[in-house]
Every structure is written in C-alpha cells, then in structure tokens.
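In what follows, residues are counted from 1 in the order of the sequence shown. These figures come from a predicted structure and were not determined experimentally.
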Amino acid sequence: MKQSLIEITQRIRERSSLTRQAYLQRMEQTIARPRGADRMGCANVAHAFAAMPSNDKLRVVAERAPHIGVVTAYNDMLSAHQPYERFPDIIRDEAAKHGATVQVAGGVPAMCDGVTQGEPGMELSLFSRDNIAMGTAIALSHDVFDAALLLGVCDKIVPGLLIGALHFGHLPCVFVPAGPMASSNMSHGEKSTVREHFARGMVGRGELLAAESAAYHGIGTCTFYGTANSNQMLLEAMGLHVPGAAFIHPSSGLREELTRESVRTVLSITAGQHRFTPIGRMVDPRVIVNAMVALIATGGSTNHLIHWVAVARAAGIIIDWTDCSDLSQTTPLLSRVYPNGSADVNEFQAAGGPSFIIRELIEGGYMHPDVGTVAEGGLREYGKVPEMVRDRLVWRDLPKKTQNDKVVRNADAPFSETGGLKLLTGNLGRSVIKVSAVPIDRHIIEAPAIVFTTQQELLSAFKAGKLERDFVAVVRFQGPAACGMPELHKLTPPLAALQGKGFKVAIVTDGRMSGASGKVPAAIHLSPEALQQGPIAKVKTGDIIRLDAIEGTLNVLLDEETWAARPCAMLTESQEMENSHGMGRELFGGMRKNVKTAEEGAITWL
C-alpha cells in the first residue's frame with residue numbers, strides 16, 4: 001500500500017480513538033443481548049408480529065429463524081426509487097427459500113433534487129439526510145431484527161440510510177441498489193448545450209423541455225455521475241453491496257438475481273454464522289478511507305465531502321477536508337464520466353465500472369484490501385463483474401487492460417496523477433473545488449467580485465445583461481444555518497454560457513452546487529458560512545478575488561488590516577423570514593439552529 005494511504009489512515013485512527021472506542025463499546029453491549037423475540041415482553045412480541053402469516057410467526061418466535069428488517073425509500077417521485085415498489089415481494093420470496101422471515105420495518109422520505117432545484121423545497125434537501133437517518137432509526141428501533149436490508153439510491157437517501165444503520169451497528173446490513181436509467185438518445189453534453197442556449201435566449205421553453213424529457217425518460221437513476229451514482233460507487237468500495245450490483249438496469253433479470261443475492265448475503269453474516277459481520281465493526285477507518293479514495297479516483301460528487309464526514313462520525317470516526325485533500329494529491333483519476341467526460345454511467349459500467357476502478361486501486365496500493373465486506377472473499381471480489389451463466393449468478397474477472405481508455409484507465413496510465421477534488425484555503429475560509437471537469441486554463445481565476453444574497457439575484461442580473469464581463473460571483477447566506485444549504489445548480493447554465501463567451505467567471509459560495517457541477521470553477525461549501533460571520537460576509541462588490549486551484553488558495557486581495565477591520569454583512573429581517581417560512585421550512589428551524597459546519601458534515605444530531 002502507498003505510504004500516504006497508511007499515514008492518513010493512521011492519523012484518522014488516532015484522532016478518532018476515543019469516539020471510536022466509545023462507539024464500539026456501545027455496539028458490543030447491544031450485540032451481547034438476547035435476540036428481540038426472546039428478550040421482549042409477550043405483548044411486545046405479539047404486536048411486532050401480529051400481521052405476519054402464522055407460519056412466519058412460528059419461524060421467527062419458536063424456531064428462532066433469522067428475521068430481516070427492510071428499510072425502504074420507495075416512492076414514485078424518484079425515477080431511481082420507483083423500481084423498489086416490487087422489491088419487498090422478491091426479498092420475502094427469497095428469504096422464505098432459506099427459512100428466514102422478512103418485515104418492511106419502515107419507509108423513509110426521499111426527495112428528488114432534480115424536481116426541487118431552484119425552488120424553496122431545495123432548502124429541505126440537505127436536512128432530509130438526517131431526517132432519513134432518524135426514519136431509519138425509528139424503523140429499526142422495533143428491535144426484533146437479526147439483519148437489515150436498506151433500499152435507497154439517491155443523493156441524501158443513501159447517506160441518511162447509512163448514518164441510521166451505523167447507529168444500529170450491531171446489525172449486519174446490506175444495501176440494495178435499483179440500477180440506472182437506460183441511456184438516452186440525447187447525450188448529457190447536448191442537454192447542457194440546450195440549457196446554455198435557453199439561458200442565452202436562443203431556444204424556447206418547448207425546446208428545453210423536450211431536451212430535459214429526452215434525458216430523463218424512464219425508471220432508474222439519472223445517468224450522469226452526480227451524487228446518486230457516486231453513492232453507488234462508494235457503497236461498492238465500502239463492501240456494502242453485493243459485488244458489482246451498482247449499475248445494472250432495474251428491469252434486467254440480472255437485477256432481480258442480485259436483489260435475491262442480497263438476501264442470501266445478509267443471511268450469511270447474521271449472528272451464529274461463521275462470518276457474523278455487524279455493520280459497526282465492518283465500517284472502520286480503513287473502510288471510510290477506501291470510500292474517499294474511490295470518490296476521488298472517479299471525480300465523484302462534492303456533496304460527499306459533507307455526507308461522508310457525517311457517515312464517518314456516525315461510526316465514531318472523525319475525518320476532515322484536509323484528509324480528503326491529502327488523499328486527492330496521491331490518488332490518480334481513473335475515470336471520466338459526465339460531467340468529467342462524455343460517457344454516462346451505462347458506458348462506465350460497460351467499460352468495467354466500479355469493478356475496474358476498485359481492482360486498479362487495490363493493485364496500485366491506493367486502497368486497503370484487507371477490510372471486511374458483506375461478500376465472502378473480501379474487497380477483491382468487488383473487482384469482478386456479475387453475470388448470469390446458465391441461470392446461475394457468477395462473477396468474472398475483467399481484462400487486465402482497459403477496453404475503453406476514454407472512460408476508464410489503468411492505475412499506471414491515469415487521466416491525471418491526482419484526483420478530482422481540492423481543498424482551498426485563505427482569508428475567505430476553507431472551501432472545496434471539483435477540478436476534474438474544469439478546463440486547465442480556468443484553474444486560476446482573478447476577477448472582481450459581484451455579491452449576491454440569493455441565486456435569483458444572479459439569474460436576474462444575467463437576464464438583464466449585467467454580467468457580460470470577467471467576475472467572481474459571490475453567492476452567500478446559502479449555508480446550512482442560513483437556509484439549509486441548497487444546491488445552486490440553476491446557476492451553472494448562465495455561468496457556463498458566460499464562460500463560453502470567453503469571460504473568466506467563477507462562483508464562490510457557502511452553499512452547494514450539484515454533485516454534477518462541471519466546467520465552471522466553483523469554490524463551494526465555504527466555511528464558516530456568512531450567517532455565522534464567516535469571511536464571505538465581508539466581501540463587497542468590486543473586491544478582487546483570486547481563486548487558485550493549482551496552489552489551493554482562495555483570497556480577497558486586500559491587506560490584512562483593511563480586511564480584519566471590515567464588518568460582516570447581515571441578513572435583513574425580511575430575508576431571514578424568507579429563508580425560514582413556506583414549503584415546510586418552518587419545521588426545520590431546529591436543524592438550522594443546531595447544524596454543524598459543512599466541514600463537520602452539516603450534522604444536526606450532535
């Protein structure tokens with residue numbers, strides 16, 4: 001293994017020693033208890049299994065058969081989650097074949113960021129992660145389960161399910177994906193061009209809707225490499241999926257067989273089996289580091305620099321953006337999937353997908369290979385791809401050399417020697433930037449600031465023709481405490497259109513961009529945020545800002561004395577009211593008051 005990998009992992013282990021030890025101690029105490037149906041009062045047991053068929057009641061109570069709890073994020077709003085409607089029946093059927101029983105323990109909410117982009121509902125998005133974690137906890141708190149299957153794919157749903165599951169670290173858990181949408185006849189590049197043309201008034205709403213509808217046209221996950229598909233890559237790298245399950249279409253026979261295999265897998269790691277693997281033991285500092293390496297090597301979503309900090313903390317592990325940045329400096333970029341390239345996730349899968357990436361990272365010494373996984377055989381099994389051979393599920397080895405070097409590359413010939421994520425520091429605070437999709441001539445931007453308090457202000461200025469120049473858009477009061485840290489993806493088309501005209505533009509914000517943000521330089525997640533009197537609140541229109549993604553710096557070019565003396569701007573009372581009312585935002589006021597910084601994972605439960 002690379003020495004840097006060992007050193008970074010060791011410092012995380014040392015930093016986390018007390019919190020991890022306390023977590024494991026609590027988990028082991030829970031494991032030591034008698035199983036729920038034996039431990040609980042008779043009325044509790046009767047309530048728990050009242051709706052089950054009589055023979056299943058006999059199995060779980062008298063015969064002590066393994067009992068699986070399913071937590072599902074099914075709804076019809078998310079194309080990625082619609083296939084989950086039929087999964088419980090498949091899971092029950094397979095479990096019965098092995099003498100086990102199943103209950104859907106609970107459902108958790110799942111919102112589509114694509115639907116809420118630029119709308120007030122987007123301000124609930126980040127906090128929905130912790131809501132989902134709490135929903136997972138409520139489902140599993142019935143405390144009669146020997147294992148759990150977790151059904152979720154999209155942006156906040158997988159991190160929320162994982163955070164919730166880690167608070168039940170005594171349970172073996174397997175995550176069950178649903179698969180991606182079929183590829184469209186319209187490429188993501190063509191779709192983005194239509195968006196830019198619409199922003200410039202070159203096409204109308206009808207043409208834009210047709211392009212969007214062609215791109216998002218059926219069941220399954222959106223096929224760009226944003227947060228949802230990054231989730232799937234990370235779960236593979238953590239060994240929490242059945243190997244190779246991430247990117248198989250929802251309607252394929254292989255998808256159903258992989259779902260059935262998830263049942264067989266979780267039953268093989270329950271208490272009493274020789275491979276008893278509770279999730280809390282399995283997800284250790286090495287597994288968290290492996291996840292971050294996989295994210296970096298694939299140019300994945302910046303949202304995970306928030307989410308996986310929270311995931312790690314749920315297991316008593318403390319990581320920060322310096323760890324991620326240091327890993328990025330020693331991790332090669334091995335894939336190019338839109339927005340970091342032209343391929344979609346189906347082309348990525350056809351080129352080897354997560355299996356190819358994991359194999360290359362292990363063989364190159366960039367990942368810890370000796371970690372626990374839900375699959376027997378360990379992490380190297382995740383370097384193989386599943387297929388059906390004579391009605392049997394098998395895994396085959398991939399060719400040693402890439403078969404499509406435009407999409408994936410071997411570790412000894414990467415797209416870049418360093419990864420796609422970078423930490424920026426300076427007198428504006430700490431932020432991150434995804435550089436893998438940004439043209440190299442835009443890695444340094446020095447230009448006057450134009451300050452906005454809302455994304456609508458920027459959009460209005462663009463439509464009025466006031467942004468035809470070099471500038472850095474400073475969009476502030478978008479952090480978690482101010483308004484829930486919405487994604488600002490609606491700003492990408494106008495900024496990209498200006499960049500396409502030759503202007504040097506960038507965005508600096510304490511908010512988030514989409515996990516699929518691309519070619520416009522974006523210093524995001526700036527901490528501390530403006531509402532907490534972070535330096536971004538001092539910026540004035542006309543200040544010169546230098547964003548240097550090569551050196552990793554972000555500064556307002558003012559002398560220290562002038563900068564220190566400048567007061568912070570504040571929201572007006574009406575602006576505060578606007579951020580906290582309507583579309584259910586009132587209900588999330590406690591989260592806004594209690595939330596940690598972006599670098600601390602925007603956690604609301606500590």
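- Taken from CG in D344 to CZ in F247, the straight-line distance is 10.5 Å, to the nearest 0.5 Å.
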Residue pair T223, Y338: steps toward the side chain to side chain donor-acceptor pair (under 3.5 Å) verdict:
CA-CA 9 Å; T223 60; Y338 187 86; over 6 Å; no

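- With respect to R200 and E196, no salt bridge is recorded, no charged nitrogen being found less than 4.0 Å from a carboxylate O.
- Y216 and K191 are linked by a side-chain donor-acceptor pair at a separation below 3.5 angstrom, with hydrogens and angles left out of the test.
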Could you walk me through whether I157 and H81 pass the side-chain contact (heavy atoms from CB on, under 4.5 Å) test, one step at a time?
CA-CA 10 Å; I157 295 88; H81 287 207; 3.7 Å; yes

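- Using a 4.5 Å heavy-atom threshold, the side chains of R512 and I524 count as separate.
- Taking a 6.0 Å sphere around CG of N185, one finds it holds 12 or fewer heavy atoms contributed by other residues, nucleotides or ligands.
- A distance-only check finds no donor-acceptor pair linking the side chain of N131 to the backbone of P109 [under 3.5 Å].
- Ion pair R359/D397 not flagged as a salt bridge, since none of the NZ, NE, NH1 or NH2 atoms sits closer than 4.0 Å to an Asp/Glu carboxylate oxygen.
- Here the side chains of M282 and L240 are in contact, with some heavy-atom distance below 4.5 Å.
- Counting heavy atoms from C-beta outward, V71 and L151 have side chains that stay 4.5 Å or more apart.
- The distance from the CD atom of E261 to the NE2 atom of H241 is 13.5 Å, given to the nearest 0.5 Å.
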Check step by step if side-chain contact (heavy atoms from CB on, under 4.5 Å) holds for E381 and T373.
CA-CA 9 Å; E381 293 301 306; T373 63; over 6 Å; no

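- A salt bridge links D89 to R92: at least one charged side-chain nitrogen sits closer than 4.0 Å to a carboxylate oxygen.
- A donor-acceptor pair is defined here as one N or O able to donate and one able to accept, closer than 3.5 Å; such a pair exists between the side chain of S230 and the backbone of S301.
- Counting non-hydrogen atoms of neighbouring residues, nucleotides and ligands closer than 6.0 angstrom, the NZ atom of K463 reaches no more than 12 such neighbours.
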I'd like to know whether L393 forms a side-chain contact (heavy atoms from CB on, under 4.5 Å) with L254, so could you lay out the CA-CA distance, the side-chain angles of the two residues, the decisive distance to 0.1 Å, and finally the verdict.
CA-CA 8 Å; L393 179 61; L254 180 56; 3.6 Å; yes

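- Checked by atom type and distance alone, the side chain of T221 pairs as donor or acceptor with a backbone atom of G179 at under 3.5 Å.
- Of the possible polar contacts, none joining the Y225 side chain to the V345 backbone as a donor-acceptor pair under 3.5 Å is found.
- No more than 12 heavy atoms of other residues, nucleotides or ligands lie within 6.0 Å of CE in M77, so this atom counts as exposed by the packing criterion.
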Would you please test H188 and F224 for ring-ring contact (aromatic ring centres under 6.0 Å, His included) and show each step?
CA-CA 7 Å; H188 288 294; F224 57 83; 5.7 Å; yes

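- Here the shortest heavy-atom pairing between G383 and L398 reads O-CD1, 4.1 Å.
- Between V394 and V389, the shortest heavy-atom contact is CG2-CG2, 3.5 Å.
- Checked for salt-bridge contact, E257 and R392 miss the test: no charged N lies under 4.0 Å from a carboxylate O.
- Smallest separation of non-hydrogen atoms from L150 and C173: CD1-CB, 3.8 Å.
- Of the possible polar contacts, one joining the H167 side chain to the I163 backbone as a donor-acceptor pair under 3.5 Å is found.
- I219 contributes atom CD1, which lies 10.5 Å from atom CD of E85 (distance to the nearest 0.5 angstrom).
- Residues N410 and T402 bring no donor and acceptor atom of their side chains to less than 3.5 Å of each other.
- A 4.5 Å side-chain heavy-atom check between I358 and E236 finds at least one atom pair inside the cut-off.
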Should R409 and E360 be marked as a salt bridge (Lys or Arg N to Asp or Glu O under 4.0 Å) after you check the CA-CA gap, both sets of side-chain angles, and the distance that decides it?
CA-CA 9 Å; R409 290 190 180 176; E360 289 299 301; over 6 Å; no

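- Distance SG/C154 to CE/M111: 11.5 Å, rounded to 0.5 Å.
- Residues P180 and Q232 have side chains not in contact (no heavy-atom distance under 4.5 Å, counting atoms from C-beta outward).
- There is no side-chain donor-acceptor pair under 3.5 Å between N75 and Q82.
- Between atom CG of residue L208 and atom CE of residue M202 there is a gap of 13.5 Å, rounded to the nearest 0.5 Å.
- Looking only at side-chain heavy atoms (C-beta outward), M238 and L162 come within less than 4.5 Å of each other.
- The line from CZ of F348 to OG1 of T298 is 6.5 Å long, rounded to the nearest 0.5 Å.
- Here the side chain of H525 pairs no donor or acceptor atom with the backbone of V432 at under 3.5 angstrom.
- Looking at W308 and M292, their side chains come closer than 4.5 Å, going by heavy atoms from C-beta outward.
- R442 contributes no side-chain N or O that, together with a main-chain N or O of P439, makes up a donor-acceptor pair within less than 3.5 Å.
- A salt bridge does not link K156 with D130: none of the charged nitrogens is closer than 4.0 Å to a carboxylate oxygen.
- Of the possible donor and acceptor atoms, none in the side chain of N290 sits under 3.5 Å from a partner among the backbone N and O of M367.
- Put simply, the side chain of T259 gets close to the backbone of R255: a donor and an acceptor are under 3.5 Å apart.
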With side-chain contact (heavy atoms from CB on, under 4.5 Å) as the test, would you mind laying out the steps for S79 and M181 before giving the verdict?
CA-CA 8 Å; S79 60; M181 194 179 292; 3.5 Å; yes

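- Salt-bridge check for R396 with E387: passed, with a basic side-chain N closer than 4.0 Å to an acidic carboxylate O.
- Looking only at distances, no side-chain donor or acceptor of D510 sits under 3.5 Å from a matching main-chain atom of L526.
- Taking 4.5 Å as the limit, every side-chain heavy atom of V287 sits out of range of all side-chain heavy atoms of H368.
- No side-chain donor-acceptor contact under 3.5 Å links D155 and H307.
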